[in-house]
Amino acid sequence: MTERKIRVRFAPSPTGPLHMGGVRTALFNYLFAKHHGGDFLLRIEDTDQSRYVPGAEEYIVESLKWCGLIPDEGPGFGGNYGPYRQSERKELYAGYAQQLIDNGWAYYAFDTPENLDRLRAEAETDGQVFSYSQHTRMSLCNSLSLSVAEVEARLKNGDTYAIRFKMPEALEVTEEDMIRGSVTFNTRELDDKVLFKSDGMPTYHLANVVDDHLMEISHVIRGEEWLPSMPLHILLYRAFGWEKSKPRFAHLPLILKPQGKGKLSKRDGDKLGFPVFPLQWKDPETGETSRGYREDGYFSEAFLNILALLGWNPGTEQEIFSLSELSEIFSLERVVKSGSRFDPEKARWFNRSYLQMKPAAEVALLFRPVLSEKGIDLPDFKIVSIIEEIKDRCDFVADIWEHGYYFFEAPTEYDEKTIAKRWKTETPEQMDAIADLFGTIETWEALSIKDHFSTYMNHKGWNFGMVMNPLRLCLVGGNMGPDLFRICELLGKDETINRIRKAIERKKV
RNA sequence: GGUCCGUUCAUCUAAGGGUUAGGAUUCAAGAUUUUCAUUCUUGCCAUAGGGGUUCGAAUCCCCUACGGACUGCCA
């Protein structure tokens with residue numbers, strides 16, 4: 001058992017885009033596999049054709065690729081345990097369902113969905129909850145309550161049926177969850193879940209257990225919402241006689257909405273003020289578009305880093321991790337038990353940290369398209385120099401424009417507050433003098449400009465603040481930006497002088 | 001309603017019987033930047049409540065409260 005090859009799977013159903021909780025589940029599976037030198041598989045659980053959403057599977061694959069969580073096996077990724085789409089494994093499941101009927105762990109249920117709906121509605125009006133279970137099964141229409149002859153007749157007649165699990169009576173099922181510890185359920189309280197649907201497809205429970213067994217999955221790492229069905233799955237392994245090779249279970253805490261109640265869900269879409277999806281998603285039915293982390297300008301490394309620290313911690317004070325670093329130190333023991341609220345502010349901070357770590361040349365490559373879109377073309381070394389100056393005030397690549405547009409185009413308006421505070425009657429004359437001074441400078445380089453400027457200022461006896469601030473206003477349109485002389489240098493001599501003259505003109509009017 | 005899971009600053013979390021309960025984000029103040037942002041320093045802020053066990057409990061046990069998940073021929 002301990003020598004068993006580690007194999008884990010991420011098993012989403014293609015009912016829409018993956019949300020960040022799903023990505024985190026994939027991440028933890030990936031990290032666990034890589035940490036132990038095991039395999040990470042992707043399996044598409046598309047057993048409910050009525051909920052199938054076109055494009056969802058592609059979306060899932062693209063999301064994993066963006067994050068760098070590349071499956072070792074899966075649809076389109078190869079592997080010896082395929083197919084990895086449950087719809088393509090359809091034929092397989094009926095035999096397993098039959099096996100359970102034969103050995104008495106399951107039974108045919110002929111009840112119509114309408115009838116069950118009615119029973120549920122009735123129970124509800126009485127303030128009760130209907131459940132198809134050991135307490136009610138004998139009064140319903142199934143191969144346990146009907147005579148053998150009747151069952152055979154119905155089967156022969158082609159009546160539709162579902163196959164339900166026959167939950168044992170009053171049996172304690174205890175399982176050691178790798179995150180939660182020992183968890184015990186009593187089968188008395190559990191219902192008879194449908195394993196095989198009347199449409200010929202298995203339900204999640206059957207397909208999941210059968211495939212995990214066939215694919216030799218060693219650890220099931222999934223969201224906490226699956227904890228209540230763990231006893232059913234345990235019992236299914238028992239019913240099939242697969243207990244010896246049964247995987248270990250680990251139920252991850254949920255990611256909660258930042259405010260309000262409940263877990264984060266796909267339906268939260270765009271309403272929260274931050275993306276819940278890794279990638280932008282366009283709903284094929286409504287045409288509605290939901291934003292994604294990628295399109296919002298997050299680095300995938302930052303996105304993953306945020307997710308890694310949501311419900312897990314390294315036990316040290318380190319917060320920034322690469323994927324390979326995470327693989328090295330990740331362990332299920334350090335996953336927390338309680339659900340966590342996602343904090344968009346901290347997500348921003350993570351992205352900022354990654355942006356700051358990247359060399360200016362790399363950021364320039366990412367910023368280039370923004371400039372191209374605006375029809376701006378500058379030599380690379382120039383862009384890199386500019387980015388070096390303003391990178392540390394940005395959280396996202398897109399912020400570079402916001403914080404440094406004046407490097408690329410002259411200001412068209414000037415900040416009123418700064419004008420009121422700094423633009424005095426003597427200012428135009430002073431600016432004019434500075435422009436003249438600049439015209440005489442031969443080595444157009446920050447240090448040299450500063451030198452000339454200082455000497456001139458001292459000679460004139462002018463107040464530095466009352467000249468530098470208006471000068472800054474002329475060049476950038478406000479009271480922001482990096483070192484003034486660096487700006488002059490990067491702008492170039494002619495442009496600097498032009499901007500000063502232009503500002504004086506504008507102020508006159 | 002029932003079953004199961006959970007509960008340390010506003011948020012993410014550390015501390016696996018003995019610490020002034022630590023860090024990060026946010027927020028606030030100061031310093032630096034002759035501007036702004038950054039950066040740095042400092043500060044504010046927490047063991048849900050009640051009972052036990054123990055010399056000693058955030059840590060172990062019980063109860064209460066609160067939160068969450070599940071309760072479909074969905075996954």
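Quantities reported herein were computed from a predicted structural model and do not represent experimental measurements. Only this structure's heavy atoms are used, side chains among them; waters, hydrogens and symmetry mates stay out. In what follows, chains carry the letters A, B, and so on, assigned in the order in which the sequence lines appear, proteins first and then strands, with residues in each chain numbered from 1.
When rounded to the nearest whole Å, the span between NE2 of H251(A) and C1' of C4(B) equals 11 Å. Rounded to an integer number of Å, the gap from K257(A) NZ to G67(B) C1' is 14 Å. Atom CZ of F342(A) is separated from atom P of U13(B) by 12 Å (rounded to the nearest Å). To the nearest angstrom, P of U35(B) lies 11 Å from CG of L484(A). A straight line from CG of N313(A) to P of G16(B) spans 13 Å, rounded to a whole angstrom. Rounded to whole angstrom, the span from the CZ atom of F396(A) across to the C1' atom of A37(B) amounts to 16 Å. The distance from atom CD1 of I387(A) to atom C1' of U38(B) is 17 Å, rounded to the nearest whole Å. A straight line from CZ of R222(A) to C1' of C5(B) spans 14 Å, rounded to a whole angstrom.
Along RNA chain B, the nucleotide nearest to L309(A) and the one nearest to N479(A) differ in position, and the one closer to the 5' end is contacted by L309(A). Comparing W349(A) and W312(A) by the nucleotide of RNA chain B that holds the closest heavy atom to each, the one mapping nearer the 5' end is W312(A).
Nucleotides U19(B) and A14(B) are separated by 12 Å at their C1' atoms, to the nearest Å. Comparing G49(B) with A58(B), their P atoms are spaced 11 Å from each other, to the whole Å. U32(B) sits 13 Å from A37(B) when the C1' atoms are compared, rounded to a whole Å. Nucleotides C45(B) and U11(B), compared at atom C1', are 12 Å apart to the nearest Å. For the C1' atoms, the distance from U35(B) to A24(B) is 30 Å, rounded to whole Å.
R164(A) forms a cation-pi arrangement with Y132(A), by the criterion of a distance under 6.0 Å to the ring centre and an angle within 45° of the ring axis.
When each of G22(B), A14(B), G6(B) is scored by its nearest atom to the side-chain atoms of K337(A), the top-ranked nucleotide is G6(B). Side-chain proximity of E345(A) to the nucleotides C5(B), C73(B), U26(B) is greatest for U26(B).
Nucleic acid contact for S131(A): none, since no nucleic acid atom lies under 4.0 Å from a heavy atom of the residue. Residue contacts for P231(A): at a heavy-atom cut-off of 4.0 Å it reaches no nucleic acid atom on any strand shown. Counting any heavy atom pair closer than 4.0 Å across all strands shown, G311(A) reaches sugar-phosphate atoms only and no base atom. Among the protein residues, V476(A) comes within range of no part of the nucleic acid, since none of its heavy atoms lies under 4.0 Å from any strand. Counting non-hydrogen atoms under 4.0 angstrom, N208(A) reaches nothing in the nucleic acid.
Of the charged side-chain nitrogens involved, at least one lies within less than 4.0 Å of a carboxylate oxygen, so that R85(A) and E57(A) count as a salt-bridged pair. Note on E114(A) versus R118(A): no salt bridge recorded, every NZ/NE/NH1/NH2 to OD/OE distance being 4.0 Å or above.
Close to A14(B), at under 4.0 Å from its OP1 or OP2, lies no side-chain N or O of T316(A). Between K197(A) and the phosphate of G72(B), there is no side-chain N or O to OP1/OP2 separation shorter than 4.0 Å. Contact between the side-chain N/O atoms of R348(A) and the OP1/OP2 oxygens of C12(B) is not found at any separation under 4.0 Å. Contact between the side-chain N/O atoms of R164(A) and the OP1/OP2 oxygens of C73(B) is found at a separation under 4.0 Å. In this structure, T15(A) does not reach the C74(B) phosphate: none of its side-chain N or O atoms is under 4.0 Å from OP1 or OP2. R334(A) has a side-chain polar atom (N or O) that falls below the 4.0 Å cut-off from OP1 or OP2 of A15(B).
Using bins of under 30°, 30° to 60° and over 60° for the plane-to-plane angle, the ring pair F438(A)/F453(A) lands in the tilted bin. Ring geometry for H233(A) versus Y204(A): interplanar angle of 30 to 60°, hence tilted.
A donor and an acceptor atom sit less than 3.5 Å apart, one in the side chain of R51(A) and one in the base of C74(B). Contact annotation: side chain of R341(A) to base of C12(B), donor-acceptor pair absent below 3.5 Å.
A side chain to side chain donor-acceptor pair (under 3.5 Å) with R137(A) holds for exactly one of D111(A), N142(A), D191(A), D192(A); it is D192(A).
Across the strands present, U47(B) finds no partner; the criterion is a Watson-Crick or G-U wobble pair with both atom distances under 3.5 angstrom.
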TODO: Could you walk me through whether Y293(A) and F274(A) pass ring-ring contact (aromatic ring centres under 6.0 Å, His included), step by step?
DONE: CA-CA 8 Å; Y293(A) 281 88; F274(A) 62 88; 7.1 Å; no
